[in-house]
Amino acid sequence: MKDTLANTEKKTAYILTLPAVLLVFAIILFPIFANVWISFKEVELKDIRIPEPRAKKIVKTISDEPSKIKIIYKLRNSSLIQEIRDVSFKDSFPKNFEIENLDKRCEYKKFSLKCEFGNWPAKYKENLQVIFTTNDGSKIDKKRLKSTKPKLDGKSDNILLNTNFTLKNFKKVLFENEFVDLLLTTFYYTFFGTVGSIVFGILTAQMVNQKFYGRTFMRSVLLFPYVAPVVALAYTWELLLDPNSGTLNSLLLNYQIIETPINLLGQKYIEISFLGFDFKLRLALTTVIMFEIWRYFPLAFLFILARLQAIPKELYEAADVDGASPFQKFFNITLPQITAVISILFMIRFIWNFNKFEDVFLLTGGASGTRTLPINVYQQGFAISDIGMGSAVSIVIVVLLLMFMFFYFKLLGKRVDEN
Amino acid sequence: MRTKNTILFSLISSIFLIFLISIWKILATLQGLSIKSFNIEIIFIFGFLISLAYLGIGDRIKSFYKSIIFSSIFVFCDGYLIQKLPIWYNVGIFLILYFFTNKISKYSFISLKEEHSTQVILFDFLTLFGILFFSFVILFPFYMMLITSFKTQIALLVNPLDFSINFGQDIKDLFKSYFVIFKSYKFGKYIVTSTIVSVGTVIITLLFAIPAAYAVARLNFFGKTFLSTSILIIYMFPAIVLVIPLYTIFSQLGLRNSIEGLLIVYTATTLPVAIYMLQGYFKSIPKELEEAAILDKLSWFGIITKIIIPLSIPAISSVALYVFMIAWNEFLFSLMFLDNPNSFTLSRAIQYLSGDAETPRQYLMAGSVVVTLPVLFIFVYFEKYLVSGLTAGSVKG
C-alpha cells in the first residue's frame, strides 16, 4: 500500500514538473547544444532561410482579343546557393478557360494547371508563359485571375542538418579577431563594473542602514536604475553625454571647467597627466562601465542592506562599551558580517556583466573600444551575417564562464575549509 | 586636539555646504539662469566662518534665530555677488542655508572633545553627503528624461541649458511629443503588444511554475535535487549564448516577428526564477493542511488549487509582478526576433526610433517616459512585495 502511494507521488511529481522542464529544455538547453553544432559549420545568415520555389503571376491582356489572356509566371529559386529538387506547380482557373499553348512539363486538367519542373539549381530563373482563351467568348475578370495564387512545392537540403564540419570558425575567432583585445575589454568591463557596483552597494547600504527622515523613500529611489527599462536609461544617458548639445558638456562649458566638449561615448582614449605621468585612459569604456555601475549597484545595495539589518545590535553595543570608533566598528564588525554576501554578489554580477549585451549595444554599439565578447556575438552573427562565427564566439563565452565558475567555487571551497 | 577638531569640523562642513549649493546652482542653471561660476572659494570661506561662529556662539542665542541670521547674511552676500537672479533662486539658497545651519547646530566645543569625534563628524557628514549625492545622481537622468520630453527641438538648440517648462502654454503644445509618438509613430499599438506579451508571459509562467514549484517543494521523486540545482544554474546562464541558435530555429519555423515566439522565449527564461521563488514560499506552508486534504481524498490538482494557491497569494503576486517587469523591460530577444515594425514591443520601437538620426530627441524621451512610467509605478506601489522577492530570488539583469 505504501509502495503504491510513493509511486503515485513520483508519477504526480513528473507530471507536474514535465511541462516546465520540457519548455526550459527546448528553449535554453537545446540551443546551447545547437550552438556547439553550428559553431563547427560554415553558415551565413542567408543560408538559414530554407530555399523556396517562388512564382510571381503577371496577367496581361492581349490587344484586340478580349477573350484571350496571357499569363506569365516568373519562376525562381529563392536561394542563391542551394538547389531545390522535384519542384511541383499548381494553379487553378475559372471553368470557361481553355489553354492554348501547353508546356510539355505541364498538364491542364479539371481547370487546373499542374507542372513538374524537376530540379532547380541555385539562382534558377524562368519565365513560364501560358495563353488562355475563354470557350464562351465572355469577358475576362483580371482581378479574379490575379487573386488566385499558384502553389509551389519542392524538396531541399537544410544546410544546418548536413554533416560537414570545419574548425575554421574557431581559428578565426582566436587568431583573426583581435581576440586578446576583445578579451581584455570584456575583462575590464566585467571586473570594474562588478567591483564598482559592489563598492557603491556597500556605501549606500551603510548609508540607508542609518536612521534618517525619508529612509524608505530613499530605498525605493536607489532601486530605480535597476528596475527601469534599459532602453530608456541608455538613451537618456546618451543624451546627457552628447558632445554637441548634451547637458553634461553644456554645463561643463558653461562653468568653464572644460574648453572643448568631450565625446564621452565616442572617444577611445583620453590623455591624462597625473603626478607627472602621462597615460591613456580608455574613455568610452570608462563611461560604459560608469553606466554599468550606476545601473547595477542597486542589486548589491539591496542584498547588503538585507544582510546589514540582520546583524545583531548587541555586537555594536558591545563595541560602544569598548570605545570603538565608527571606522573600527565598520571594519571589524560590519565588513566580516557581509563578506559572504559580497562573495556571492561578486560571482552573480561577474557572470551577468560578462554576458551583458544591451547596455554596451545601446550606448556605443561596440564602437570606440567598447567591443566586448557579447557584442562580438551580435556583430559576427548579424552585422557580418556569419552565424557560424557568432556561434563560435558564444561557445568561447560559455567555456570562459565555466572556467570562471570552476575556479571560483574551488577558491571559495578552500576558504570554507580553512574556516 | 581641540583646535585640530575645530578646524576639521569647519573644513568638512564647508565642503558639504559647497556641495549643497553647487547642486542647487546646477539645477538653477538648467532652468535657464545664467550662472557662470560656482564661486567655490567664497562659499568655502563663508562656510568655514559660519561653522566657526556657530561653535563660538554656542547656546548663547536660540538656534532658530541663529539660523535665520546666518542664512540671511549668506543670501545677501550671495545675491550681491551674482546679481539679477530671480527671487526663487535666493529663497532656495536661504532654505539650503537654513538646513545646513540646523545640521551643524548640534555640534559644540563639548561634543568635539569627545572620543572619536573626528570620525563621528566624518561619518555624519558622509552619510548626509551620500544621501544627497546618490539622490541627485540617480534622479537626475530621470528628471532630464521627463523634462526633455516637454521641450521642443528648437528651444533646446537655442539654449541647451534651458529646461524650464512654460506651464502657461496650451496643453496640446506641452504634450506635443506624446501626441506625435502616439499618432505618427504608432506607440499605442506598441503599448498593446508590450502589454499582451508581458501579461501573457506572466500567465503562462505561473501556469507552468506553480505545479513544478509544488513538486520541487513537497514531493519526493528521483532527480529532485538535480532539478533544483539545475534551476539555479540555468538561471545564471547567459541569454546572449541562446540568441543565435534560437534565431536560426525560429527563422526556420517562421516564429520570428510573432508574439508567440516572444512568449515562448520569455516564459522559458523567466521560469527558473519563478520556480525558485515559489518553491521557497511553498516550503513555508504547514504540511498538516495538505495531510488533512489527502485524508479528504482531494487530488493533487485539488490540493494545489484549493490549498496552496489561496495560501500563497502574496508570493504568487510578487512573482507575477517580477515576471511582468522582466518581460516589459526585455530588449535583447525583441531586438533579435522582431524586425517588422508591426510586431514591435515598446523597447524595440524606441530603439528603432533612435536608429533614425532625424528623430528629434524629445520624441525619443517621450517614448522613454512611456516605457518607464508603468514599471516605476508598479515598483513604487508594490515595493514591499517586490523588495522581499528581490532578495529572495533577484531579477536577472
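All values below were derived from every heavy atom in this structure, side-chain atoms included, with hydrogens, water molecules and symmetry-related copies excluded. Order of the sequence lines fixes the chain letters, A, B, ..., with proteins taken first and strands second; residue numbering starts at 1 for each chain.
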- Query: Where is the tightest heavy-atom contact between B/I26 and A/Y255, given as atom of each residue plus distance?
  - Reply: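 Closest heavy-atom pair between B/I26 and A/Y255: CA-OH, 3.6 Å.
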- Between B/I264, B/L246, B/L364, which shows the greatest number of heavy-atom pairs under 4.5 Å with chain A?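 With the most close heavy-atom pairs to chain A, the winner is B/L246.
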Any donor-acceptor pair under 3.5 Å linking the side chain of [X] with the backbone of [Y]?
| X | Y | result |
| --- | --- | --- |
| A/N355 | B/I240 | no |
| A/N35 | B/V241 | yes |
| B/Y247 | A/F382 | no |

- Which residue pairs pass the side chain to side chain donor-acceptor pair (under 3.5 Å) test when at least one of the two sits in residues 134-148 of chain B, sequence neighbours left out? B/Q31-B/Y143
- Between CD on residue A/E358 and CG on residue B/L332, distance to nearest 0.5 Å: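 Between atom CD of A/E358 and atom CG of B/L332 there are 5.0 Å.
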- Would you check, one step at a time, whether the test side-chain contact (heavy atoms from CB on, under 4.5 Å) holds for B/F221 with A/K11? CA-CA 8 Å; B/F221 59 97; A/K11 250 190 221 160; over 6 Å; no
- What do you reckon, is CZ of A/F200 surrounded by more than 12 foreign heavy atoms closer than 6.0 Å? no
- Does one side chain, of B/S368 or A/Y235, offer a donor that lies under 3.5 Å from an acceptor on the other?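 The criterion, which ignores hydrogens and geometry beyond distance, is not satisfied for A/Y235 and B/S368.
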- Query: Centres of the A/F301 and B/F134 rings: under 6.0 Å?
  - Reply: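 No, the ring centres sit 6.0 Å or more apart.
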- For A/F331, enumerate each residue passing the ring pair (Phe, Tyr, Trp, His ring centres under 6.0 Å) test, keeping only those at least two apart in sequence or located in another chain. none
